[in-house]
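Report on the structure given below.
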Amino acid sequence: MIKGGNPRKRPPPPSSHQPSPASKHQATTPTPPPPSTEEDFVDEDVFFDETLMGEEDVESLILRDFEERQALASRLSKWARPLLSDAHISQSRSIALPSSLAAVLVFQQLEIDYVIGESHKGLLPDSSGQAAIIRIFGVTGEGHSVCCLVHGFEPYFYISRPPGMGPDDISHFHQTLEGRMKEMNRNSKVPKFVRRIELVHKRSIMYYQQQKSQPFLKIVVALPTMVATCRGILDRGIQIDGLGMKSFITYESNVLFALRFMIDCNIVGGNWIEIPAGKYKKTAKNMSYCQLEFDCLYSDLISHAPEGEFSKMAPFRILSFDIECAGRKGHFPEPSHDPVIQVANLVTLQGEEQPFIRNVMTLKSCSPIVGVDVMSFDTEKEVLLAWREFIREVDPDIIIGYNICKFDLPYLIERAQTLGIAEFPILGRIRNSRFLVELRVTFLVYILVIDAGLFYRQYGTRESKEVTVEGRVQFDLLQAMQRDYKLSSYSLNSVSAHFLSEQKEDVHHSIISDLQNGNAETRRRLAVYCLKGGNARGIGEWILLWASNPSLVEVYLLSEDAYLPQRLLDKLMYVYNYVEMARVTGVPISFLLSRGQSIKVLSQLLRKSKQKNLVIPNVKQAGSEQGTFEGATVLEAKAGFYEKPIATLDFASLYPSIMMAYNLCYCTLVTPEDVRKLNLPPECVNRTPSGETFVKPELQKGILPEILEELLSARKRAKADLKEAKDPLEKAVLDGRQLALKVSANSVYGFTGATVGQLPCLEISSSVTSYGRQMIEHTKKLVEDKFTVLGGYEHNAEVIYGDTDSVMVQFGVSDVEAAMNLGREAAEHISGTFTKVRLLL
DNA sequence: CGCAACCCCTAT
DNA sequence: TTAGATAGGGGTTGCG
């Protein structure tokens, strides 16, 4: 195992960064390392900190510590992943075997990214030079880790073809563009920047158009970063024969490369991918620590929709860990001073209730703990290295903890740097690729307006550290809590009390004897309850324990800290919910953890557009003057003490329903100019209360309404299935799915109103709110007009409050039952008047 | 004391 | 390099 992780080979200094220290190292190694495939892979985003490298250190350290490491390795090896079966092994060794013997490979992916490397000569005989290589990390149904290197997928974007540009002109244009690209990247080794320009027929998603399609140019470039360079050139303008200087609006030039790949291959976040037998090759030299690593062509991938048997989850390995540092009195621990004294680890297989690994690594000796592997070391360096080996051996797919992203991981990395442990920070799945601590400085701009027109700008800075662990998902429960729940305190204690407290109440003392007198299963429940109670020692007991053995106490506390995040993850069904959200919206799971809402809508919009042959423009974020629009109506609250029951009428999914009912979309919006020009018959269009015109579905079905319909009908299905489901795991998946679908539907409106977003369209968002205001007013009026004494009811109904999609009504009756019935009657009556709006529940 | 501007928070 | 929206309440501050 240790051998597999042998870091003897010096990682390649990337050509872009990298000053001199390399030469110093080279003096100690006269023979430069032979070129290898490893060296061809250079992660664009990763920089190597040469000062940490010290090859000498690594070499001697390995020799010196070899025996100790062997002992550690044998201790850790029991936690390795399941061994590869014969089929896998024969495949992995079998360049000689006929390809028919090779097995089909099926795995669930969790993470997709890309690196720049040398074009694969075997798979792509016609290309050469550098190319983007997609990396898909995942797990097979048997629990084997997979790293799949996908070749042949090229970055591209579109522009509209200028009128009258023929094939010769396109070829000239290609040459001009190539020339401009060369000027921009003088020292790049790429033989050709713009690989080719294809004439395609597409239509812009913006505005209702009568033509079916128009000519576009698909510009294919060599590397993903060149999309932005090329867009810049075209934005600013380029000389075109016969047309002079011309600037272009680009289309889909802001799609992240990994997402582009997923969209074009129909891959959604967290789904299962199959590679047919014989269509993949074992990599010549492993660049990762995954059990199965191979190269393949993007066109050979089979993506399975997450349905039926492919809705299942692979047995991911989830590591929950927590570190303890010895901070000086009164100071928060700093990695430059304070040592890491303990690391507690817990590893659970997805879908299983109990962890199969519980261990703790301590500095100095520690008494044994029942059910916990205690590993003690004399030096801090050994603790850190043991942990690194542990990570490599266990090979977790998901790493969780509480505040790990902002504390534990950066602390470990910086601590290793302080101690000069060069080989520590390889925590990811890529060999010889170092961790990356990214120091991000955010500039916050405050604009103070003093007097008319006088602006002062004040820049504030904020720093944040981020550690990338390639190929593994980092799921920080603190961040998840802050994102998903509104709590008064986010300390692990209070969050646990909030979400896990019921479990303590789970077994009430009054039924203990019932449990004891039940069957083996009820007694097991009782036993579990007692075990948990056994952990909850009184403070006095802790003090006694501490007096007898201080380190024992800490370890008890420590393993709780690693355990609680795992329990939170289970309790809140985070794995199911996030995987489902990734599947529904199509983005990788890491996007859900580190990016905003809008990427999810964009992903769906791009997928749908692709089906319809539409392309999405990159609208420039023009100037500071962005329009704003009127929001929802809030009915004046009538303050008072209401003794009689109040009925609340809610519109289900109001904004999505409005968008569907009135066919509001980018592609159904008619420009004011076209309203005059096209002379559309009035029965074919809707004019919104805010004065915009949208065509009805007969002329053009909107994409947004279609996305919403699919989301909401899928939600309906999920809720129906949820009712039927018996198996708790299946229930969890379905509940996660219906929640994801609801959240996704609601964020579509926000996307259109996001003035600093990817594709804002205030015509849509202001139309949505204008319809919403109309409906609230209408509802209030209807209720107050119908439910009156004159109308034959006992009392006059009174609307006491309303906001956006809800109206609160006092019907005047004093018993709840009657109020409920009146509320139901009102709801039916009102819904009847909105025949056009399909209110989906 | 009223008023406007601003911050911070919550509702939907 | 990053990003859903607006409405509205309550509190503080500075000014006249």
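Here is the naming used below: chain letters follow the sequence lines, and residue numbers restart at 1 for every chain.
- More than 12 non-hydrogen atoms from other residues, nucleotides or ligands lie less than 6.0 angstrom from CG of A/Leu593.
- Annotation: A/Lys608, atom NZ; neighbour count of heavy atoms from other residues, nucleotides and ligands within 6.0 Å is above 12.
- One can place CG of A/Leu649 at 14 Å from P of B/dT12, the figure rounded to the nearest angstrom.
- For A/Glu630, the listed nucleotide lying nearest its side chain is C/dA7; candidates were C/dA7, C/dG4, B/dT12.
- Side-chain N/O atoms of A/Thr628 include one lying less than 4.0 angstrom from OP1 or OP2 on C/dT6.
- Side-chain proximity of A/Asp805 to the nucleotides C/dT6, C/dA3, B/dT12 is greatest for B/dT12.
- Picking from B/dT12, C/dA3, C/dG4 the nucleotide with the shortest atom distance to the side chain of A/Thr804 gives B/dT12.
- Judged by closest nucleotide on DNA chain C, A/Ser747 is the one of A/Ser747 and A/Thr633 placed further toward the 5' end.
- When the C1' atom of C/dG4 is taken as reference, atom CG of A/Leu602 falls 13 Å away, rounded to whole Å.
- Between A/Tyr156 and A/Phe153, the ring planes are perpendicular. Angles over 60° get that label, and only those under 30° would be called parallel.
- The number of heavy-atom neighbours closer than 6.0 Å to NZ of A/Lys781, taken from other residues, nucleotides and ligands shown, is 12 or below.
- For the pair A/Gly596 and A/Val634, nearest-nucleotide mapping onto DNA chain C gives the more 5' position to A/Gly596.
- In this structure, the nucleotide among B/dT12, C/dG4, C/dA3 sitting nearest to the side chain of A/Gln597 is C/dG4.
- Counting to the nearest Å, the C1' atom of C/dT2 and the CG atom of A/Leu256 are 12 Å from each other.
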